[in-house]
Amino acid sequence: MTKKWWHGKVAYQIYPKSFYDTNGDGIGDIRGIIEKLDYLKELGIDIIWISPIYQSPFVDQGYDISDYYEIDPKFGTMEEFDELLLEAKKRDMGIVMDLVINHCSSQHEWFQKALADPEGEYGDYFYFRKGKDGNPPSNYRSYFGGSAWEKVEGTEFYYLHFFAKEQPDLNWNNPKMKQELFQMINWWLEKGVAGFRIDAIINIKKDPTFPSYEPDGPDGLVRATKMVEEVDGVGELLEELKEAAFEKHQAFTVAEVFNMKEEELEEFVGENGHFSTMFDFSAHMLTFGEHGWYDGKEVEFDTWREITFRSQKRCEGIGFLANIIENHDEPRGVNTYLPSYAQNIDGFKMLATVNILLRGIPFIYQGQEIGMQNCRMAGIEEYDDIDTKNQYRTAIEAGLSREEALEVCYRYSRDNARTPMQWSGDAQAGFTTGTPWLKVNPNYRQVNVEDELKEKDSVLNYYKKLINLRKSEEYKELFTYGSFEPAYPEKEKIYAYYRSLDGKKVLVASNFGENSMGLELEGHNEKLLLYNMDEPEVSEGKLLLRACEAVVLEVR
Ligand code: GLC
Ligand code: CA
């Protein structure tokens, strides 16, 4: 495998609106990111992905871009962004921008021109189609609920939007539109960004005949992704994108991909793949309900272990996946993947250990490193997220009571991850001196950066040790390039695996069960590298793992 500059790096996702506010308007800003760069450096971060900060009306929190060349004034100025690039570079860190190119905002100049003349030049930058017998052109349901087609008042046209109606899909069959995007991407790369996290990219390939399919829900619609799964040829577009932009800059790219065809993995993240890496969402997908959050599922340990191990094995010899336990679209990982008895500091560290040491590129989502948790809201009014509001409505329509629907949001809402970063025990968690745009999780008095920096055994200090180990001179090759092999698969509630390279072998073992479990070790000469509780019991080739215990051992 050819070595690349980003192999062995640790990445961190910033959700800028909730990261750190320096001017008291209740919204995180670029200046706030600059001020916290040293904090991230200390943590061991090399690559910072920032969720969208482009000009946007914020219908979907910046994932609706109205000008790809501007920074939204909420976040600051282009000069501040340049300063951020410079300051990151000084610290040997790379900035990765979010690239939202499946759709733009309905406020984008292109779309405004298109609306004025759907059959004109800019109309073809999007998908405008005539309706059929007073109905939309096809029966697709958008990701956020309702038809994916929106009627243009006073005309017979509809336009396609996979997400909100304020996020019209861009027509990738239009060469001019594509060139405009490629040019824009190059412009950012030339500025010095290290790469991109690429949003919803699998959706760019459409079947321009837009066939209807058998409905899959009581609304008579079918999820729009059905068409994405049916259509071939996304690979050609992705190659074009790579060649036109990423390749010549050696950019790091991490794609958000659901609905990929299994056999295409190598084309996506292989040696000459479309992307450097893509997120492993296999664990997150275990929570998906058939009709929405209201019939979402609890993660069951055995399935979770099996599915995450399978992901590891399937990219062996092919490439790397990006490993996460949460992001801005998911609830907090500690709430999702830990059973209730393990939702404590030991459990948080345990989950971190097994996740961060997997083969792949670890991505830490802001606040994960201090053990931030889902946040209870008093009512639906306290939520901001467009998806949460839709899902709440869907749940009520399906017959759930208000309390039940709210409970569903507590478990699955994207706002769980979007509450402000908890910097200290001061008012508003030290995030802002003003009124935060979204409620601060009241547990900030116990869970915050300032206190955790001081406490030796905090989750934060454990994350530092963990990242340190991963990147240490002695083990970085092993944790980067070493193979992955499941360990003790027959043991109940034990999540354990080996990472090995050139005769060196490390066991990562943890106990997600409520009872202690004894493991027979391979060999009798082991070296303790890391543990999350007080010193573990290892002797004569035996390891006793207590509930919530995680141990990293070199075995010889
Ligand atoms: C991606 C983003 C999500 C956004 C959607 C539409 O899934 O992560 O936050 O709502 O794309 O851009
Ligand atoms: Ca601000």
Side-chain angles (χ1 to χ4, degrees), residues 13-36 49-54 56-66 68 71-77 80 96-106 108 142-145 148 160-170 196-204 224-225 228 254-259 278-279 281 284-285 288 322 324 326-331 363 365 384-391 412-418 420-421 423 428 430-438:
Q13 180 189 356
I14 287 184
Y15 196 68
K17 207 173 171 186
S18 300
F19 191 59
Y20 187 49
D21 173 26
T22 56
N23 64 352
D25 65 356
I27 295 175
D29 39 51
I30 294 175
R31 176 75 41 217
I33 303 177
I34 297 174
E35 287 190 20
K36 298 296 182 185
W49 152 32
I50 308 175
S51 280
I53 50 176
Y54 311 86
S56 165
F58 274 78
V59 169
D60 184 22
Q61 299 299 358
Y63 283 91
D64 45 324
I65 298 172
S66 54
Y68 289 97
I71 296 289
D72 195 280
K74 282 190 193 62
F75 294 123
T77 61
E80 283 170 311
V96 163
M97 290 285 268
D98 216 308
L99 192 58
V100 190
I101 48 179
N102 170 67
H103 47 270
C104 62
S105 160
S106 52
H108 195 288
S142 82
Y143 279 96
F144 294 154
L160 182 69
H161 61 89
F162 267 22
F163 294 87
K165 67 178 191 315
E166 295 86 355
Q167 294 168 296
D169 282 51
L170 289 161
F196 294 96
R197 174 269 185 183
I198 309 171
D199 188 74
I201 193 67
I202 196 93
N203 299 297
I204 62 173
T225 46
V228 172
V254 50
E256 184 201 33
V257 176
F258 290 90
N259 322 85
M278 62 187 206
F279 292 109
F281 290 124
H284 173 53
M285 285 165 72
F288 287 5
I324 57 166
E326 64 201 36
N327 64 24
H328 68 294
D329 291 331
E330 299 177 20
F363 269 72
Y365 178 71
D384 178 282
D385 172 35
I386 180 171
D387 202 15
T388 306
K389 290 177 179 162
N390 285 323
Q391 292 283 355
Y412 299 112
S413 173
R414 311 199 293 181
D415 279 345
N416 281 309
R418 299 177 180 184
M421 178 72 181
W423 291 105
Q428 309 299 359
F431 160 71
T432 178
T433 53
T435 308
W437 73 276
L438 185 67

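All residue numbers refer to positions in the sequence shown, counting from 1. Everything numeric here is computed off the predicted structure, so don't read it as measured data. Indexing begins at 1, ligand by ligand and atom by atom, following the structure's order.
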For Lys389, is the NZ atom crowded, meaning more than 12 foreign heavy atoms sit under 6.0 Å from it?
yes
Report the nearest protein non-hydrogen atom to atom 7 (O) of ligand 1: residue, atom name, distance rounded to 0.1 Å.
Glu256 OE2, 2.7 Å
Which ligand 1 atoms, with their elements, are less than 4.0 angstrom from a heavy-atom of Arg414?
3 (C), 4 (C), 9 (O), 10 (O)
Could you tell me whether ligand 1 has any atom less than 4.0 Å away from a heavy atom of His103?
yes
I'd like to know if Phe144 contacts ligand 1, where contact means a heavy-atom distance under 4.0 Å to any ligand atom.
yes
Centre-to-centre under 6.0 Å for Phe163 and His103, is that the case here?
yes
Nearest protein heavy-atom contact for atom 8 (O) of ligand 1: which residue, which atom, what distance?
Asp329 OD2, 2.4 Å
Would a line drawn from the ring center of Phe58 to the ring center of Phe75 be shorter than 6.0 Å?
yes
Classify the ring geometry of His284 against Phe288: parallel below 30°, tilted from 30° to 60°, perpendicular beyond 60°.
perpendicular
Lys NZ or Arg CZ of Lys74 over Trp437 ring: under 6.0 Å, within 45°:
no
Examine the side chains of Asp21 and Thr432 and answer whether a donor and an acceptor come within less than 3.5 Å of each other.
yes
Starting from atom 5 (C) of ligand 1, what is the nearest protein heavy atom, named by residue and atom, and what distance separates them?
Phe163 CE2, 3.6 Å
Sub-4.0 Å atoms of ligand 1 with respect to non-hydrogen atoms of Asp60:
4 (C), 5 (C), 6 (C), 10 (O), 12 (O)
So, His161 versus Phe144, ring centres under 6.0 angstrom or not?
no
Please list, in chain and residue-number order, the protein N/O/S atoms closer than 3.0 Å to the Ca ion (ligand 2).
Asp21 OD1, Asn23 OD1, Asp25 OD1, Ile27 O, Asp29 OD2
Can you confirm whether or not the ring centre of Phe431 sits under 6.0 Å from the ring centre of Tyr20?
no
Per-atom contacts of ligand 1 with Arg197, taking only distances under 4.0 Å to non-hydrogen atoms
2 (C), 8 (O)
Main-chain N/O of Glu80 paired to Arg31 side chain as donor or acceptor, under 3.5 Å:
no
May I ask you to check whether Phe19 and Trp49 place their ring centers less than 6.0 Å from one another?
no
of all protein heavy atoms, closest to atom 11 (O) of ligand 1 is Asp199 OD1, 2.8 Å
Look at the side chain of Asn102 and the backbone N and O of Ile201, then say whether any donor-acceptor pair between them is shorter than 3.5 Å.
no
Numbered in order shown, the ligand 1 atoms found under 4.0 Å of a heavy atom of Arg418 are 9 (O)
